[in-house]
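In this text the structure is predicted, and so the values were computed from the model without any measurement.
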Amino acid sequence: MAKKVVATLKKEEDASKALTKVVKMVKSAKTGAFVFKEAIVPQADAKEILKNMK
């Protein structure tokens with residue numbers, strides 16, 4: 001007989017793997033060109049870090 005594949009559900013306890021890549025476009029003071037600032041942060045802190053990113 002064939003074995004069944006059982007899907008596992010993600011638990012809220014495993015928040016350490018919930019990461020988000022934040023990319024912000026910033027205008028350079030020296031050249032006037034746009035520069036991209038990137039960071040990989042926990043999902044809960046993404047909005048706060050986006051506000052503070054320069």
With sequence neighbours excluded, what pairs up with E38 under the salt bridge (charged side-chain N to carboxylate O under 4.0 Å, His left out) test?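 Per chain and number, E38 pairs via salt bridge (charged side-chain N to carboxylate O under 4.0 Å, His left out) with K21.
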Should we count NZ of K37 as having more than 12 external heavy atoms under 6.0 Å?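 No, not enclosed.
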Apply the hydrophobic cluster definition, ILVMFWY joined by side-chain contacts under 4.5 Å directly or through others, and give me every member besides V23.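 Same cluster as V23: M25, F34, F36.
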Any pair counted as salt bridge (Lys or Arg N to Asp or Glu O under 4.0 Å), so long as it reaches residues 25-35, sequence neighbours left out: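 Not a single pair qualifies under salt bridge (Lys or Arg N to Asp or Glu O under 4.0 Å).
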Give the table of side-chain donor-acceptor pairs shorter than 3.5 Å for residues 43-52, with sequence neighbours excluded, one pair per line with atom names and distance.
from : atom 1 : to  : atom 2 : distance (Å)
N52  : ND2    : E48 : O      : 3.3

